[in-house]
Protein chains: 2
Amino acid sequence: MTEIDTGRVAARPHRRSDATRTAILVAARERFAADGYDRATIRAIAKAANIDPSMVMRYYGSKEGLYAAALDVDLRLPDPASLDPRDVGRVLVGHFLDLWEENEVLSAMLRVGATHQAGAERMQGVFRDQLLPLARQVCPDPEQAPTRAALIASQVLGLALTRYILRFPPTVALGREEIVEWLGPTVQRYLTAPDPSPHP
Amino acid sequence: MTEIDTGRVAARPHRRSDATRTAILVAARERFAADGYDRATIRAIAKAANIDPSMVMRYYGSKEGLYAAALDVDLRLPDPASLDPRDVGRVLVGHFLDLWEENEVLSAMLRVGATHQAGAERMQGVFRDQLLPLARQVCPDPEQAPTRAALIASQVLGLALTRYILRFPPTVALGREEIVEWLGPTVQRYLTAPDPSPHP
DNA sequence: TCTGTTTGCCAACATACGTTGGCATCACTG
DNA sequence: CAGTGATGCCAACGTATGTTGGCAAACAGA
């Protein structure tokens, strides 16, 4: 009911409240990233956006609606066809690092995903719609793509968890290049290596 | 005030309330693991333990105190001296999988650590006091132990995150042996491989 | 048996939360 | 300039939370 457009086709409704709306989204990402779902209260978000809590309800319907509007993620994964196949691992790791440093959306998604069902499903969606297709395109047997994409997710999310959420000191101290050199080959192997043979 | 012993040295105070006390701890782990810190309410924990919420306060002082009492973790890491050095990676991965399946303490710690400061510090403590010493003992240059232990933590926690918390379907579908064969070599490399050389 | 402590529950507190409805004010359309 | 909708704030609702104090019953030691 709040999202009907103002009459014209769909081109730039140009609502006077757009500034407020985006201020709310920015503050929401900030609070979700710092505190997770439950402690990121609508009142705190509103205060950070310098508006009244009731505006959040008017523009986004509910806290769940706000979460849904604030946290959609486009990983902007590179097209693997344009890459040296032996470099994919390193490039991916570097790309993910850039994404995590660039803004707090991913931190917010991870913090919320850890305790909130909708957040976990949101992350499953990002995985399924963005990382998995890339794996299907690159890895030798497309039937293994889900497994391989999941392994990559485990390593990349694990690094983000220890570096940006739990803030393990040695992980925080690592430089970008070090991380790329350590994790790149791992991701490369998960993506392109033949099945690991059972141990003797 | 609640934890003074009953007079004797320290040998078995034998309080009649011990059953209640452990029931509270069990219920607390259960709720923390399922809901994280904020949504695991003292009332819900008390209901799961079939006692009154005020008992939780009496025996553990506060919700923070309950968390501190409920979630201490002993990883029981194997002594690397007793292992074939080329098997350490696989053994460690298998051991961590057993720990995660064995009970819900680690799930609780991870869910709480993602949104709660004290939880994150608790995980840092486990890392520092248990995983890092093992790395110091095994990896070639002990000065690199923090980095290498942190890398292992990132991979192992990342798997746990995607498998037990976010429940990515492909990760959940993996069998124990598959995980060991995929992650074992990764952990082995993080632990014992020479520095990765910068890419040309 | 009498006395003091422990165990447990009940009722209540202060606070914080998401959410709602009403009422001004501003901007635009006719 | 009149009027209609959008924008914003205020006050309040119902509910839930962590936490507290008091009181009854069960137990332990003399």
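Here the structure is a predicted model, which is why all the values come from computation and not from measurement. The chains referred to below are lettered A, B, ... by the order of the sequence lines, with proteins before strands, and numbering in each begins at 1.
- Residue B/K47 contributes atom NZ, which lies 12 Å from atom P of C/dC10 at whole-angstrom precision.
- Following rounding to the nearest Å, B/R16 (CZ) and C/dT5 (C1') show an atom-to-atom distance of 9 Å.
- Distances were taken from every side-chain heavy atom of B/I42 (C-beta onward) to each of C/dC17, D/dT19, C/dT7; the shortest belongs to D/dT19.
- With A/Y67 contributing its side chain and A/A28 its backbone, the two residues share no donor-acceptor pair below 3.5 Å.
- Side chains of B/Y37 and B/E64 form a contact here, defined as non-hydrogen atoms less than 4.5 Å apart.
- Between B/Y37 and A/I51, the residue whose closest nucleotide on DNA chain D is further toward the 5' end is A/I51.
- Toward the 5′ end of DNA chain D lies the nearest nucleotide of A/T20, the other residue of the pair B/R43 and A/T20 mapping further downstream.
- Closest to the A/M55 side chain, of the nucleotides C/dC9, D/dT19, D/dG8, is D/dG8.
- In this structure, CZ of A/R21 is placed 10 Å from P of D/dA6, rounded to the nearest angstrom.
- Checked against C/dT19, C/dC9, C/dC26, the side chain of B/R58 finds its nearest nucleotide in C/dC9.
- Using modelled atom types, no side-chain atom of A/E121 and backbone atom of A/H116 make a donor-acceptor pair closer than 3.5 Å.
- Surrounding CD of B/E102 are more than 12 heavy atoms belonging to other residues, nucleotides or ligands, all under 6.0 Å away.
- Dashed line: the shortest gap from a side-chain N or O of A/S54 to OP1 or OP2 of D/dC9 is not under 4.0 Å.
- Residue A/E64 contributes atom CD, which lies 17 Å from atom P of C/dC17 at whole-angstrom precision.
- The side chain of A/P53 approaches C/dT19 more closely than any other nucleotide in the set C/dT19, C/dG8, D/dT19.
- At D/dT7, one or more side-chain N or O atoms of A/S17 fall inside 4.0 Å of OP1 or OP2 (strictly under the cut-off).
- When the nucleotides D/dT7, C/dG18, D/dG22 are ranked by their closest atom to the side chain of A/T41, C/dG18 comes out on top.
- Going from atom CG of B/N50 over to atom P of C/dT7 covers 18 Å, rounded to whole Å.
- Here D/dA16 presents its P atom at 15 Å from CG of A/D38, a figure rounded to the nearest Å.
- Here B/Y59 does not reach the OP1 or OP2 of C/dT6: none of its side-chain N or O atoms lies under 4.0 Å away.
- Following rounding to the nearest Å, B/D18 (CG) and C/dT7 (P) show an atom-to-atom distance of 8 Å.
- Contact of the A/D35 side chain with the A/R111 side chain is not registered, since no non-hydrogen atoms from C-beta on lie closer than 4.5 Å.
- For A/D52, the side-chain atoms get nearest to D/dC10 when compared with the rest of C/dT7, C/dG18, D/dC10.
- One atom, CD1 of B/I45, and another, C1' of D/dG18, lie 12 Å apart when rounded to the nearest Å.
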